[in-house]
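Take a look at the structure set out below.
Residues take their numbers from the sequence shown, with the count starting at 1. Just so you know, these numbers come straight off a predicted model, no measurement behind them.
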Amino acid sequence: DFVKAEKTITTALRVSNTLQDTTGCYSKMESILAEQGKMSAAITLMEKRWALLRTIQPENSVGREIMYDFIVNRYKSIGRQEEVKEIITQMAKKIETNEMDLTCLFLINYHMAIEDGEAIKKSMEQCGDVIQTTSGDLIYTYVEGQRDMYLGNTKAAIPKLEMFVDSSGTGSTVMSELLLAKCYALDKQFGKAQNLYEKALKTQPNDANILSDYATCLKAANKTDAARKAVSKALIIWKDADPNFSDVVAARALLAEIGE
């Protein structure tokens, strides 16, 4: 119930008396807005929160969050990916160090979020050793897997992504399993992809992004009735989404292709 959740957070925001409480409320509200596809509102609130955080935290603390894939995806989903690329680039310059190329390192996540295999490849050539040194072999393998996947080489990507999923523990399991599911689907291993999507939906049954990707997989596997049900549920969740929100545009096109 998004309306109830928004009211609860708005009430908490009115009585918050510390910056930590206020930014915590903002963060929760951002997530609720983003789940509904209201990305412009989510980004506006997120940038307001960052401005507050900069008054109480070091710049690099905010910088780490800006690099996350899901943050880039918020901008990307409404056509503002170049804007967040510039934010990330400027952030890297603000906390520049002589020991490593932070711009290259910071932009790796950006290139993964926009699914640009060639850019990931180029970045790895420039600062792959830094990724390996700072993040370890497992993360390096995960980046390699995404590079291969977005270059269209799913056969090479799958074992790398499987290794990461099997080794990463609970911290990144859902996100990495969904990426693996997408790679399986691209490789036409629809049964494996479907199993991972259904596993995720057991704990996140109202996540419209998962439902939409699941529907795409089901349609490719010629399971049109199940695909129609999944994408229709996603579109109900996204009923108030921004009109230029790319995921809802794609979901509507998918439903039109399947037939209501």
Side-chain angles (χ1 to χ4, degrees), residues 23-24 26-27 29-31 33-35 37-136 138-151 164 168 171-172 174-176 178-179 182 209 242 244-247:
T23 56
Y26 282 173
S27 181
M29 185 67 85
E30 289 162 30
S31 296
L33 292 168
E35 285 172 28
K38 298 178 179 180
M39 287 300 170
S40 292
I43 289 171
T44 297
L45 193 57
M46 181 172 67
E47 291 178 344
K48 186 176 180 180
R49 176 171 59 83
W50 288 344
L52 288 174
L53 285 173
R54 287 188 177 99
T55 69
I56 58 173
Q57 291 183 3
E59 187 72 36
N60 59 353
S61 296
V62 179
R64 280 195 294 270
E65 181 183 342
I66 294 171
M67 290 190 299
Y68 292 154
D69 292 10
F70 79 92
I71 297 292
V72 176
N73 277 321
R74 287 180 182 177
Y75 286 88
K76 173 192 170 190
S77 69
I78 54 172
R80 293 170 59 182
Q81 60 265 33
E82 288 302 316
E83 181 180 335
V84 74
K85 181 180 181 181
E86 180 62 20
I87 291 171
I88 293 169
T89 301
Q90 292 304 316
M91 179 65 63
K93 290 178 180 177
K94 286 181 181 178
I95 54 176
E96 203 163 18
T97 172
N98 293 327
E99 297 176 7
M100 62 185 71
D101 183 350
L102 286 181
T103 303
C104 177
L105 187 64
F106 281 22
L107 285 175
I108 282 281
N109 277 359
Y110 170 81
H111 296 317
M112 290 191 292
I114 67 168
E115 303 181 4
D116 189 335
E118 286 293 345
I120 298 170
K121 179 181 176 182
K122 184 177 179 181
S123 290
M124 292 187 77
E125 289 169 353
Q126 291 176 346
C127 59
D129 56 335
V130 176
I131 300 168
Q132 205 156 12
T133 300
T134 58
S135 303
L138 189 59
I139 294 295
Y140 187 81
T141 299
Y142 187 54
V143 176
E144 285 186 310
Q146 292 196 59
R147 174 202 63 198
D148 293 342
M149 175 179 168
Y150 298 132
L151 284 173
F164 183 80
S168 63
S172 301
V174 174
M175 184 178 70
S176 54
L178 289 172
L179 184 69
K182 186 174 182 179
N209 289 106
D242 293 344
N244 62 336
F245 177 48
S246 60
D247 292 348

What do the steps show when you test L45 against Y26 for side chain to side chain contact (heavy atoms under 4.5 Å, CB included), and what is the final call? CA-CA 7 Å; L45 193 57; Y26 282 173; 3.6 Å; yes
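Legend: residues meeting ring-ring contact (aromatic ring centres under 6.0 Å, His included) with F245, ordered by chain and number and at least two apart, are W238.
Between H111 and K122, every side-chain heavy-atom pair lies at or beyond the 4.5 Å cut-off. For the pair I66 and W50, the minimum side-chain heavy-atom distance is below 4.5 Å. In this structure, D116 and Y150 have side chains that are not in contact, with every pair of non-hydrogen atoms separated by 4.5 Å or more. Taking the side chain as every heavy atom from C-beta outward, E65 and I71 approach each other to under 4.5 Å.
Distance check: Y140 OH to I131 CD1 gives 7.0 Å after rounding to the nearest 0.5 Å. Atom CG of N73 is separated from atom CD of E115 by 7.5 Å, given to the nearest 0.5 angstrom. Taken from CZ in R74 to CE in M46, the straight-line distance is 5.5 Å, to the nearest 0.5 Å. For the atom pair CD (E83) and CD (E47), the distance works out to 6.0 Å, reported to the nearest 0.5 Å. Separation of atoms CD1 (I43) and CZ (R80) is listed at 4.5 Å; rounding is to 0.5 Å. Rounding to the nearest 0.5 Å places NZ of K38 at 9.5 Å from CE of M29.
Heavy-atom minimum distance, A42 versus A34: CB-N, 4.0 Å. Closest of all the heavy-atom pairs between I120 and R147 is CG2-CB, 3.6 Å. Here the closest non-hydrogen pair linking V72 and A113 is CG1-CB, 3.5 Å. Residue I78 comes nearest to M39 through the heavy atom pair CG2-CB, 3.8 Å, listed as atom of the first residue, atom of the second, then distance. Looking at every heavy atom in both residues, C104 comes nearest to S123 through SG-O, 3.4 Å. Residue Y110 comes nearest to Q81 through the heavy atom pair CE1-O, 3.3 Å, listed as atom of the first residue, atom of the second, then distance.
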